[in-house]
2 protein chains.
Amino acid sequence: MLHDDPSDAEIALEEGASTLHGQVVGKLRGLLLSGELPSGARISEADLCRRFSVSRTPLREALKVLAAEGFIELRPNRGSVVAPIDPVEIAHVFEFKGAIERQIGLLSVVRSRAEDRARLERVHADLGAAETHRNPVAYTGLNQEFHHCLAKAAGNPVLLQTYDNLQKRILRLRFAVNQNLDRLDQSFIEHEGIMVAFRAGARLDLAERLEEHNRLTGEAVLKALRDQDAGRSGV
Amino acid sequence: MLHDDPSDAEIALEEGASTLHGQVVGKLRGLLLSGELPSGARISEADLCRRFSVSRTPLREALKVLAAEGFIELRPNRGSVVAPIDPVEIAHVFEFKGAIERQIGLLSVVRSRAEDRARLERVHADLGAAETHRNPVAYTGLNQEFHHCLAKAAGNPVLLQTYDNLQKRILRLRFAVNQNLDRLDQSFIEHEGIMVAFRAGARLDLAERLEEHNRLTGEAVLKALRDQDAGRSGV
DNA sequence: AAGGCGAGTATTGAATGCAAAATGAGTCCA
DNA sequence: TGGACTCATTTTGCATTCAATACTCGCCTT
């Protein structure tokens, strides 16, 4: 009978909110990004149906969509699992994202509108505050927002969609790897450089800085993954 | 009662063949790419169910997946349509693809294996034959295969998936715009240059040539779209 | 005691049924 | 004649049901 449960607020976000399966896609993606469903975890359709108070039909539709986006793995007749963390794939994601970051650098300088620039300055300032306060959680969120804004400023929706998807796939990892405060400081230094280049309208410089920033972040993430694995197998 | 219809061979392709909805995704994508379902056409669930001999459940799952891939537009409560051709979006696809082409150029030289190189040479030769025979249909297919091989040679599956998706979205257009023989010749000249750079292992040169090739192709497609639109509204 | 084997259970995949929304035709009124 | 309204039909979205496959656990054999 599927009682109504409005307390299941979660993160009511974005599009598709009019259809049930659209809402489930959003909520489930939230669960995946928040780390509530950890990588590799088996996904029980019945559990999720209860949690979202929907029947299996819209839930399964949502699973197919998230699988197409790379967040879930469907194993025919054997259920679904949250996409496991594969260091090789992560490396590929970062490498590919590098090419996009470069284009974002080249385009954002030319296409950004005043409101984009204002928002970037604002987010960058907040980012600085999060860094001085040594708040990795806030920093991660703002960092995500900063790069999203920059990507948006490039004025190419096709690019933006792919970029956001890749970012989200990476974001999932932040609960798997312990945040590193050194990397946080270094990251902000790079962000300062990025903003300098952006303000100056130095396209190539900005592109290179973004590519490098991406590369270093990727290395840090992969190192954290390795360290953690080593710790696990060592203990 | 959903009779079996093995004559519905279509293009039996790839993964997900074990589940019904996976098969439908493949077949339906084939229909979209082959132009059988033209851009903007309304999609009748009942029709497709009859055509594929499946019930609405797996069909609707397939529609959701193809919508996530950008081939279909879902309008809540109002059915689905084949993604209409939007020149602005096409331009964005080409622009974004340019960044990927560049990376393909940079990586493929370093990572391609002997079999990749052999296959590229073979396809390139066939491409030359299609050009001399003035066969645009064969040329388009081989061109698709060529760029797919090159992208694969870059050795990054994440890149490859996004790249193939973008290529397919563009491929849909070839039935909307009339093939231009001049562009075909020019395209092959560019391909010759691409192969020269590839054989020489000239990373940057190859990257630039691929980017330029993409840019020119995009311009030709957009011009064809404009011309056609002008013709339509003019007549 | 370890490794297969098989019945019972749980879970997935697909078809059917049902309610709500949208579409379209026909009618009425200005 | 044109436009808005009503009601029947179609179509969509979701829940439920049914069938098939995979898993679990106890039993048997060696």
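Numbers restart at 1 for each chain; the letters A, B, ... are given by sequence-line order, proteins then strands. Every heavy atom of this structure was used, including side-chain atoms; hydrogens, water molecules and symmetry mates were not.
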Whole-Å distance separating the CZ atom of R56(A) from the C1' atom of dG13(C): 7 Å
Can you figure out which of dG17(C), dA22(C), dA14(C) approaches the side chain of N77(B) most closely? dA22(C)
Separation of dT11(C) P from L74(A) CG (nearest whole Å): 18 Å
Do the non-hydrogen side-chain atoms of F71(A) and V65(A) ever get within less than 4.5 Å of each other? no
So, with a heavy-atom separation below 4.0 Å from DNA chain C, the residues of residues 38-47 of chain A are R42(A), I43(A), E45(A)
Does a nitrogen or oxygen in the side chain of R60(B) sit under 4.0 Å from OP1 or OP2 of dT12(D)? no
Please check if the number of heavy atoms outside E219(A) that lie under 6.0 Å from its CD is greater than 12. yes
In whole Å, I'd like the distance from the NZ atom of K64(A) to the P atom of dC14(D). 15 Å
Any chance you could measure R51(B), atom CZ, to S44(B), atom OG, to the nearest 0.5 Å? 10.5 Å
Between atom CZ in F52(B) and atom C1' in dA14(C), what is the gap in whole Å? 16 Å
Rounded to whole Å, the CD-C1' distance (E61(B) to dG13(D)) equals 13 Å
I'd like to know if R111(A) and E95(B) make a salt bridge, using a cut-off of under 4.0 Å between side-chain N and carboxylate O. yes
Interatomic distance, L20(A) CG vs dA20(C) P [rounded to whole Å]: 14 Å
Could you tell me whether T57(A) contacts a base, only the sugar-phosphate backbone, or nothing, with contacts defined as non-hydrogen atoms closer than 4.0 Å? base
Separation of S80(A) OG from E73(A) CD (nearest 0.5 Å): 10.0 Å
Quick one: R75(B) CZ to dT12(D) C1', roughly how many Å, whole number? 11 Å
To the nearest 0.5 angstrom, please state how far the CD atom of E211(B) sits from the CD1 atom of I104(B). 11.0 Å
Report the distance from atom CZ of R78(A) to atom P of dA22(D), rounded to the nearest whole Å. 8 Å
Spacing of L181(B) atom CG and N135(B) atom CG [to the nearest 0.5 Å]: 10.0 Å
Does the side chain of H21(A) get closer than 4.0 angstrom to OP1 or OP2 of dC14(D) through an N or O atom? yes
